[in-house]
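The sequence lines fix the lettering, A, B, ..., with proteins before strands; numbering per chain opens at 1.
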Amino acid sequence: MPELPEVEVTRLSFAHRIAGARILSVHTGKPLRWPIGADAGALPGMSVVAVRRRGKYLLLDLSEGWLLLIHLGMSGSLLFAASMPPAGAHDHFDLVTTEGTLRLHDPRRFGAVVLSPGETSDVAVKLLGRLGVEPLGEGFGLAAFHAGLKRRDSPIKQVLLAGEVVVGVGNIYASEALFRAGIRPTTRASRISARRAERLWSAIRDVLARAVERGGSTLRDFSSAQGQAGHFQLEAMVYARAGEPCRQCGSPIRVLRQGQRSTFYCRVCQT
DNA sequence: CTATGGACCTGAATGC
DNA sequence: TGCATTCAGGTCCATA
C-alpha cells in the first residue's frame, strides 16, 4: 500500500508527537515479515529521539543509538494516539509510550518491525544496504540518475520499482512518473537518452512531492497516523484508469503486466 | 554480476 | 448463494 509519499505522510503525522516519548511496553500480534529481534525485550525504558524515513522504511531513532525499523509492506498503516482501542485481528504491533501508542495495522503482514543496534548491524545492512538515492533529497543528481539507468537493461518501470537506482517509487508512482515524462514503461532503462532521463528525473520528484502535499494516495485503506485519508489518487493520470480516456489526449489508457505488477500508460502520450 | 519468477498473507471483487 | 479465480500500494530469495 505505501510508497514513499504515504510513508512520508505517515512520518509527518506522528514524528513530532512521539519525539521525546519513553517506551512503556510493547505488544505483538501475529508474526510479520521478519522477527523483531532477540533484543526486543529491552525496548521498555528506551526513548524515541526522532523519526526518519529511508525509502519506504521508517526509522525510529531510540536512545543509545538503537534503531526501530518499520516497514508497512503492501497493506500496513500506522496509527498514533493517546488512547488506543483494543487490538483487532490485524493489529500486530503496539509501541506503548508516555506520549501515546503507535500501532501497526497490517492485514497481509508483509510489513515488519525490526529492532537493530544502529544502522550497521547485519539486519540493518540487509534491509537498507542496497537502497538507492532519496528522490526528494539533495543527493538526487541527474547525472548519477542517468548513469544508474545506463547500467540497467530491464524495462524502465521495473528499474524504478527495484529501488536500487532511486528509492520510494512504487507501483502507482512509477506509472505516473513515466506518463509525465512521456516514456513507455517497457523501454529498456539503458536506452533512455539524457534528455528523456532529465524529464523522468524531474517527473519523479514532482509526482512524489505533489503526492506528499496531497496526503498520499488512498486506494483502499491508507491513512496517516492521525487517521487522515490521502487525495492524490484523484489526480492520477494513468494508474487504475485502464480503458478510461487519457486526460491529455483522450485515447484509452492501457494496462500491461510487468514482473507480476500492473502498469498503466497511454500509448499515444508515451513513446 | 544481472535479470526474472516465486514466495510470503489476507480480503475484496469478479466470474461461473 | 457458493465456490474458484484474480487482484491489491512490497521486496527478499532462489534460480538461470
Side-chain angles (χ1 to χ4, degrees), chain A residues 1-11 29-35 53-58 69-78 88-93 104-114 122-132 147-178 185-191 207-208 211-212 214-224 229-236 238-243 255-264:
Chain A
M1 118 197 211
E3 302 179 35
L4 182 150
E6 291 73 34
V7 177
E8 180 65 6
V9 165
T10 297
R11 186 184 75 81
K30 293 168 114 177
L32 293 163
R33 173 138 194 204
W34 299 294
R53 181 189 53 72
R54 178 75 179 96
K56 299 170 191 168
Y57 287 88
L58 286 174
L69 311 184
I70 300 179
H71 197 287
L72 302 180
M74 287 280 263
S75 61
S77 58
L78 291 176
H90 302 304
D91 298 326
H92 302 301
F93 179 79
L104 175 64
H105 174 86
D106 186 4
R108 294 178 72 181
R109 292 189 282 123
F110 290 168
V113 178
V114 176
D122 288 353
V123 66
V125 168
K126 182 183 81 167
L127 298 180
L128 306 176
R130 298 192 55 85
L131 296 183
L149 298 187
K150 276 269 199 299
R151 273 186 271 111
R152 301 311 198 107
D153 209 32
S154 307
I156 181 61
K157 159 78 174 344
Q158 287 169 263
V159 169
L160 292 179
L161 277 190
E164 294 181 349
V165 177
V166 57
V167 292
V169 182
N171 210 38
I172 298 176
Y173 302 110
S175 284
E176 292 298 312
L178 287 166
T186 47
T187 307
R188 304 270 137 191
S190 55
R191 301 212 331 267
V207 78
L208 294 179
V212 172
R214 305 297 296 148
S217 296
T218 297
L219 263 63
R220 31 176 55 74
D221 56 7
F222 169 74
S223 66
S224 74
H231 303 288
F232 183 84
Q233 71 280 4
L234 300 175
E235 46 192 83
V238 291
Y239 185 81
R241 298 192 65 241
V255 60
L256 55 84
R257 299 292 287 182
Q258 293 181 286
Q260 293 115 272
R261 313 298 301 276
S262 294
T263 303
F264 301 87

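Expressed to the nearest 0.5 Å, how far CD of A:Glu3 lies from CG of A:Asn171 amounts to 6.5 Å.
Checking the phosphate oxygens (OP1, OP2) of C:dA8, a side-chain nitrogen or oxygen of A:Ser262 falls inside 4.0 Å. OP1 or OP2 of B:dT4 lies within a sub-4.0 Å distance of a side-chain N or O belonging to A:Ser154. The side chain of A:Arg261 places no N or O atom within less than 4.0 Å of a non-bridging phosphate oxygen (OP1 or OP2) of C:dT6.
Listed candidates were C:dC12, B:dT10, B:dT4. Nearest to the side chain of A:Arg109 is B:dT10. Closest approach to the A:Leu219 side chain among C:dG9, C:dA8, C:dC12 is made by C:dG9 (side chain taken as heavy atoms from C-beta onward). The side chain of A:Arg152 lies closest to B:dA3 when the candidates are B:dA3, C:dG9, C:dT11. Taking the side chain of A:Leu127 as heavy atoms from C-beta on, and the options C:dC12, B:dT4, B:dT10, the nearest nucleotide is C:dC12. Side chain of A:Gln260, nearest nucleotide from C:dG9, B:dT10, B:dG6: B:dG6. Candidate nucleotides B:dT10, C:dG9, B:dT4 were compared by shortest atom distance to the side chain of A:His90, and B:dT10 ranks first. Of the listed nucleotides (B:dT10, B:dT4, C:dC12), B:dT10 has the atom at the smallest distance from the side chain of A:Lys30. Of all nucleotides listed (C:dC12, C:dT11, C:dA8), C:dT11 comes nearest to the side chain of A:Lys56.
Taking atom CG of residue A:Leu131 and atom P of nucleotide C:dC12, one finds them 7 Å apart after rounding to whole Å. Distance, A:Arg151 CZ to B:dC1 C1': 12 Å, rounded to whole Å. A:Leu69 has its CG atom 15 Å from the C1' atom of C:dC12, to the nearest Å. To the nearest angstrom, P of C:dG10 lies 6 Å from CG of A:Asn171. Look at CG on A:Leu161: it is 14 Å from P on B:dG5, rounded to the nearest Å. Rounded to whole Å, the distance from CZ on A:Arg108 to P on B:dA12 is 12 Å. Atom P of nucleotide C:dA8 and atom CD of A:Glu3 are separated by 13 Å, given to the nearest angstrom.
Rounded to a whole angstrom, the distance from the P atom of B:dA7 to that of C:dT5 is 16 Å. Distance noted for atom P between B:dA3 and C:dG9: 23 Å (whole Å).
By the 5.5 Å and 30° criteria, A:Phe110 is not stacked with the base of C:dT11.
Nucleotide C:dA14 has B:dT4 as its partner under the Watson-Crick or G-U criteria, with both atom distances under 3.5 Å. Base pairing analysis places C:dG9 opposite nothing; no Watson-Crick or G-U wobble pair with both distances below 3.5 Å involves it.
Put simply, the side chain of A:His231 never gets that close to the backbone of A:Arg214: no donor and acceptor are under 3.5 Å apart. A donor-acceptor pair under 3.5 Å is formed between the side chain of A:Glu176 and the backbone N or O of A:Tyr239.
Side-chain contact between A:Arg109 and A:Pro31 is present, with heavy atoms from C-beta onward closer than 4.5 Å.
Residue A:Leu58 comes nearest to A:Arg53 through the heavy atom pair CD2-CB, 4.3 Å, listed as atom of the first residue, atom of the second, then distance.
A donor-acceptor contact under 3.5 angstrom links the side-chain atoms of A:Arg33 to the base of C:dT11.
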